Amino acid sequence: MLDVKKVICKVWVLVVAPLVAACLASCVMGRSSVAGPGLLDGYDYAVLKVPESGYGGRADLACVQSEIFSALDATRLDMVGDMSVGDLTEAEKRRLLVVRFTVSLDDEVAVVSATLADYATGRPVATVEGSSSEVLLGGGECRAAAKVAREIRKLFGVGE
């Protein structure tokens, strides 16, 4: 005869507990690093570059671009369109940050990274990363991007 208590216990151990652990772990995975104190102070403009490969047909990755753009737009930086960079003066280009992001997604974790680099030299000034292990629930890349957005806002002292 089937022991209902044993079945419930097995379901808990094999299904529910791992999902709860994954959800809890995803809540704490966001970090940033800056090349040096005050390095972001010399920048007044930002341009967000979409990955060369685009979204590979995945419309859900557009939320990553939207989250990062919104975070940058909330800072003191003036956003410059990709096609408008050529319209900036040389002095303005020296105060321009190029923001590139990557998305890595597998069966267990989604990781979104953003690098803020000096336009003239390409030297990274700051990096920000967010991850989410809620991939099985869908939208893990959007939750990871939200963590990146929070870290960007923190870098610029927005919403503290």
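Throughout, numbering of the chain's residues begins at 1 and tracks the sequence. Please read all numbers here as calculations on a predicted model, not as lab measurements.
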Working for side chain to side chain contact (heavy atoms under 4.5 Å, CB included), residues V112 and I68: CA-CA 10 Å; V112 175; I68 294 173; 4.3 Å; yes
Atom CG of L72 and atom CG of L155: how far apart are they, to the nearest 0.5 Å? 10.0 Å
To the nearest 0.5 Å, what is the distance between CG on L77 and CG on L96? 9.5 Å
Once salt bridge (charged side-chain N to carboxylate O under 4.0 Å, His left out) is applied, do any residues pair with R100, and if so which ones, sequence neighbours excluded? none
Rounded to the nearest 0.5 Å, how far does OG of S104 lie from CD of E141? 11.0 Å
Taking all non-hydrogen atoms of both residues, which atom of A117 and which atom of G122 are closest, and how far apart? CB-O, 3.7 Å
Between CZ on residue F156 and OH on residue Y43, distance to nearest 0.5 Å: 10.0 Å
Would you kindly confirm whether M79 and V99 end up in one hydrophobic cluster when ILVMFWY residues are joined by side chain heavy atoms under 4.5 Å apart? yes
I would like to know whether L48 and F101 meet side chain to side chain contact (heavy atoms under 4.5 Å, CB included); could you show each step before the answer? CA-CA 8 Å; L48 180 60; F101 66 91; 3.9 Å; yes
For residues V103 and I152: do they belong to one hydrophobic cluster (side chain heavy atoms under 4.5 Å, members Ile, Leu, Val, Met, Phe, Trp, Tyr)? yes
Can you check side chain to side chain donor-acceptor pair (under 3.5 Å) on S70 and D73, steps first, answer last? CA-CA 5 Å; S70 294; D73 198 40; over 6 Å; no
Within residues 86-99 or reaching into it, pairs that qualify as side chain to side chain donor-acceptor pair (under 3.5 Å) - sequence neighbours excluded: D44-R95, Y45-E92, T89-E92
Sorted by chain and number, sequence neighbours left out, side-chain contact (heavy atoms from CB on, under 4.5 Å) with D82 holds for V47, K49
Looking at every non-hydrogen atom in both residues, tell me the closest pair between G140 and S132 and how far apart they are. O-CB, 3.4 Å
For residues V98 and L39: do they belong to one hydrophobic cluster (side chain heavy atoms under 4.5 Å, members Ile, Leu, Val, Met, Phe, Trp, Tyr)? no
For D118 and L97, what are the C-alpha separation, side-chain angles and deciding distance, and is it a side chain to side chain contact (heavy atoms under 4.5 Å, CB included)? CA-CA 5 Å; D118 182 85; L97 281 173; 5.6 Å; no
Same cluster or not: V148 versus V125, using hydrophobic residues (I, L, V, M, F, W, Y) connected whenever any side-chain heavy atoms lie under 4.5 Å apart? yes
At their closest point, which heavy atom of A144 faces which heavy atom of G130, and how far apart are they? CB-O, 3.5 Å
Under the side-chain hydrogen bond (donor to acceptor under 3.5 Å, both in side chains) rule, collect the residues that match up with Y119, sequence neighbours excluded. none
Using a 4.5 Å cut-off on heavy atoms from C-beta on, say whether the side chain of V111 contacts that of D106. no
With sequence neighbours left out, the residues meeting side-chain contact (heavy atoms from CB on, under 4.5 Å) with T102 are S113
Checking A146 now: which residues fulfil side-chain contact (heavy atoms from CB on, under 4.5 Å) with it, not counting sequence neighbours? E67, R150
